[in-house]
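Below is one structure, written out as structure tokens, with a few remarks after it.
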Amino acid sequence: MAEKPKPPNPFLLVGLSAASFFAFYLVLKRREQTNPASKLPRQQDHPLVPPVQQDDLNRTTKDNQPTNQYYEGQDQYALNKMPAILHKIAHALHLDGRGHKKTKSKASLKDVKGKEKEKEQVKDKDNGKGKVEAVAQEETSTTTRAFDSEKVKVVFVLGGPGAGKGTQCKRLVEDFGFCHLSAGDLLRAEQNRPGSEYGQLIRDCIKEGSLVPVEVTITLLKNAMSDALKENREGSGESWKDGKGLFLVDGFPREMDQAERFEKQLRPLATVLCTPSIVLYFTTTEEVMLFRLLERGKTSGREDDNEESIKKRFRTYKEQTMPVIEHYGKVGKVAEIDSSASVEEVHKRASEGLKKVLSI
Ligand SMILES: Nc1ncnc2c1ncn2[C@@H]1O[C@H](COP(=O)(O)OP(=O)(O)O)[C@@H](O)[C@H]1O
Ligand SMILES: O=c1ccn([C@@H]2O[C@H](COP(=O)(O)OP(=O)(O)O)[C@@H](O)[C@H]2O)c(=O)[nH]1
């Protein structure tokens, strides 16, 4: 007859349980010592959400307004403060309430500058164009929520090099009180800023007629927009009262990736993208543009107003910027204006088009 198996020793079982319990207790104690904040009450009854820190509760915006925006919806602020590994776990488990589509974002130029890693990752792309491959950082709605969608209006101004974008923008500012942000001007200012880490990169891209890495351009734009909104733009009429803003974004977005990033990263609310009210598209022939740019080059001092650079800019425009114009055209957002005519005539057409859209 087979021998009956021996039942497990009850003392051994009790001993093992006690040892596990004791080990768990030691881990907790150790955690309390190394991270005293773990004893604080939690924002959510969930182990992946960190405790409330006093400085979080006291946090205010620059205008000394409490940042209750951080506590909307999914307690995004708490999620933002989690260590990267917990962030990944929470994301994988859908605890952060975000989709799984990978997006990249940059919050400030300091972020762009501060990361040596990113700098090392400036890579050659296509025909030698530089591109900062930003260390992928999951985009969060709270860090990018900048303004009220109802109040901020954005008009993109596109067209080939020398089509007359800058010239017309100056006139439209006088008519409508826009804040004119020329991406090219912002880049040139950053290029010439003493100590700018991106000066040489910007210079090379501009001379080559290629696009400066989007992180740099979008950060400059975002900062300029925030500054303009904070500024008391006295005398600029109703368009700038009570947090309202009217932006003429000149020479941007120059490729689809830039358009998508702009809409996402400057989205005013978590669910609303920062789409342009309209895209003013100035168009004329390459012949006209070349002539105008060579004329401009006589006095502009710009390193890219020479025939060699101009040809490269035309190519970049056709290959990378035209798809942006086509994209906005498909959704009925493009106002095409023939800019071969005189400055006055072009201005008249642009102004009429804008009046209708902005209902001013
Ligand atoms: N409608 C126009 N007719 C003639 N010259 C123009 C016209 N619009 C602009 N220009 C001139 O052409 C050059 C390029 O114009 P600009 O506005 O700087 O172009 P963009 O900003 O598109 O590169 C400038 O020297 C400008 O004075
Ligand atoms: O969003 C932008 C806008 C401009 N540029 C660079 O700046 C140059 C000059 O642009 P700008 O709009 O000042 O002049 P345009 O070429 O339209 O005359 C371009 O060729 C690009 O190299 C860029 O990289 N990203």
Side-chain angles (χ1 to χ4, degrees), residues 125-132 156-173 180-192 198-222 224 248-262 280-322 324-325 337-351:
K125 185 193 150 203
D126 305 339
N127 51 351
K129 298 164 204 157
K131 169 121 182 153
V132 172
F156 287 153
V157 182
L158 292 176
K165 302 182 293 294
T167 306
Q168 293 303 324
C169 283
K170 282 191 193 85
R171 304 290 301 267
L172 296 170
V173 166
H180 173 210
L181 297 177
S182 156
D185 286 350
L186 288 171
L187 286 168
R188 281 182 286 272
E190 177 63 21
Q191 172 198 300
N192 296 326
Y198 289 92
Q200 195 53 47
L201 174 67
I202 295 171
R203 180 170 286 112
D204 293 344
C205 289
I206 289 184
K207 192 138 190 264
E208 280 303 304
S210 61
L211 299 181
V212 174
V214 60
E215 284 79 16
V216 176
T217 316
I218 215 158
T219 304
L220 291 170
L221 273 173
K222 195 169 167 178
L248 203 50
V249 179
D250 169 7
F252 181 95
R254 274 175 132 94
E255 62 170 343
M256 272 317 291
D257 186 36
Q258 292 189 343
E260 283 160 15
R261 297 278 193 104
F262 183 91
L280 288 182
Y281 168 39
F282 293 105
T283 174
T284 183
T285 61
E286 275 193 9
E287 244 183 335
V288 169
M289 294 193 284
L290 178 65
F291 176 78
R292 286 180 183 174
L293 290 176
L294 290 176
E295 281 300 303
R296 186 175 77 180
K298 289 177 185 166
T299 52
S300 68
R302 277 177 55 163
E303 287 175 61
D304 59 345
D305 278 349
N306 58 72
E307 195 149 355
E308 199 188 334
S309 295
I310 293 168
K311 292 264 157 73
K312 291 178 181 167
R313 286 153 73 194
F314 284 164
R315 195 167 58 224
T316 303
Y317 170 65
K318 274 192 272 187
E319 289 171 4
Q320 291 176 264
T321 313
M322 276 316 292
V324 178
I325 296 165
I337 296 151
D338 182 354
S339 60
S340 319
S342 69
V343 172
E344 211 45 59
E345 183 56 32
V346 177
H347 167 244
K348 207 171 130 222
R349 292 178 203 161
S351 186

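The model shown is predicted, which means the values in this text are computed figures rather than measured ones. Ligands are counted one by one from 1 in listed order, and the atoms in each one are counted from 1 as well.
- Looking at atom 22 (O) of ligand 2, its nearest protein heavy atom turns out to be S210 O, 2.6 Å.
- At a threshold of 4.5 Å between non-hydrogen side-chain atoms, the residues I337 and E345 do not count as touching.
- Among all protein heavy atoms, the one lying closest to atom 7 (C) of ligand 1 is R292 CZ, 3.5 Å.
- The residue S340 has no part lying near ligand 1, judged by heavy-atom distances below 4.0 Å.
- Taking any N or O of K165, backbone or side chain, at least one lies under 3.5 Å from an N or O belonging to ligand 1.
- Residue-ligand proximity, A183 to ligand 2, at heavy-atom distances under 4.0 Å covers atoms 1 (O), 2 (C), 3 (C).
- Within ligand 1, the atoms closer than 4.0 Å to a non-hydrogen atom of G160 are 22 (O), numbered from 1 in the order shown.
- No side-chain heavy atom of Q168 sits under 4.5 Å from any side-chain heavy atom of V157.
- Ligand 2 has a nitrogen or oxygen under 3.5 angstrom from a nitrogen or oxygen of R313.
- A distance-only check finds no donor-acceptor pair linking the side chain of E255 to the backbone of V324 [under 3.5 Å].
- The residue S300 has no part lying near ligand 1, judged by heavy-atom distances below 4.0 Å.
- Within the 4.5 Å cutoff, side-chain heavy atoms of R171 are placed close to those of E344.
- Nearest protein heavy-atom contact of atom 9 (C) of ligand 2 is R302 NH2, 3.5 Å.
- Residue contacts with ligand 2: V212 is placed with a nitrogen or oxygen under 3.5 Å of a nitrogen or oxygen of the ligand (distance criterion only).
- Near G251, meaning under 4.0 Å from one of its heavy atoms, ligand 2 places the atoms 1 (O), 2 (C), 3 (C).
- A donor-acceptor contact shorter than 3.5 Å is absent between the side chain of S309 and the backbone of D305.
- Annotation: atom 1 (N) of ligand 1 to nearest protein heavy atom, A341 O, 2.8 Å.
- Listed by number with element, the atoms of ligand 2 under 4.0 Å from a non-hydrogen atom of G162 are 18 (O).
- Under the 3.5 Å distance criterion, the side-chain polar atoms of R313 are matched with a main-chain donor or acceptor of D304.
- The side-chain heavy atoms of D257 and R261, taken from C-beta on, include a pair separated by under 4.5 Å.
- If you check which protein heavy atom lies closest to atom 5 (N) of ligand 2, you get L187 CD1, 3.4 Å.
- Note on ligand 2: R296 sits in its first shell, one or more heavy atoms being nearer than 4.0 Å.
- The closest protein non-hydrogen atom to atom 24 (C) of ligand 1 is R296 CD, 4.0 Å.
- Judged purely by atom type and a 3.5 angstrom limit, R292 uses its side chain to pair as donor or acceptor with the backbone of A163.
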Original post:
Are H347 and L172 close enough, and set up right, to give a side chain to side chain contact (heavy atoms under 4.5 Å, CB included), and what steps lead you there?
Top reply: CA-CA 8 Å; H347 167 244; L172 296 170; 4.1 Å; yes

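- Protein heavy atom in closest approach to atom 23 (O) of ligand 1: G162 N, 2.9 Å.
- For atom 8 (C) of ligand 2, the closest heavy atom belonging to the protein is I206 CG1, 4.0 Å.
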**OP:** Show your working on side chain to side chain contact (heavy atoms under 4.5 Å, CB included) between M289 and I310 and close with a plain yes or no.
**Re:** CA-CA 9 Å; M289 294 193 284; I310 293 168; over 6 Å; no

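- Ion pairing between K207 and D204 fails under the 4.0 Å rule for side-chain N and carboxylate O.
- Judged purely by atom type and a 3.5 angstrom limit, R296 has no side-chain atom pairing as donor or acceptor with the backbone of G162.
- T217 has its side chain out of reach of L186: every pair of non-hydrogen atoms, C-beta onward, lies at least 4.5 Å apart.
- On a distance-only criterion, G166 and ligand 1 share at least one N/O pair closer than 3.5 Å.
- Per-residue contacts place G164 under 4.0 angstrom from the following atoms of ligand 1 (heavy atoms of the residue considered): 8 (N), 9 (C), 15 (O), 16 (P), 17 (O), 19 (O), 20 (P), 22 (O).
- Of all the heavy atoms of S182, none lies under 4.0 Å from any atom of ligand 2, so neither backbone nor side chain is involved.
- Side-chain atoms of K165 come within 3.5 Å of backbone N or O of G160 as a donor-acceptor pair.
- In terms of protein heavy-atom proximity, atom 17 (O) of ligand 2 is nearest to K165 NZ, 2.7 Å.
- Comment: E308 does not engage K311 in a salt bridge, judged by the lack of any side-chain N to carboxylate O separation of less than 4.0 angstrom.
- Selection from R188, E208, R254 by nearest heavy atom to atom 3 (C) of ligand 2 gives R254.
- Residue contacts with ligand 2 for C205 involve N, CA, C or O but no side-chain atom from C-beta outward (heavy atoms, distance under 4.0 Å).
- Within the set T299, D250, T167, the minimum heavy-atom distance to atom 26 (C) of ligand 1 is found for T167.
- For G159, the closest heavy-atom approach to ligand 1 does not fall below 4.0 Å.
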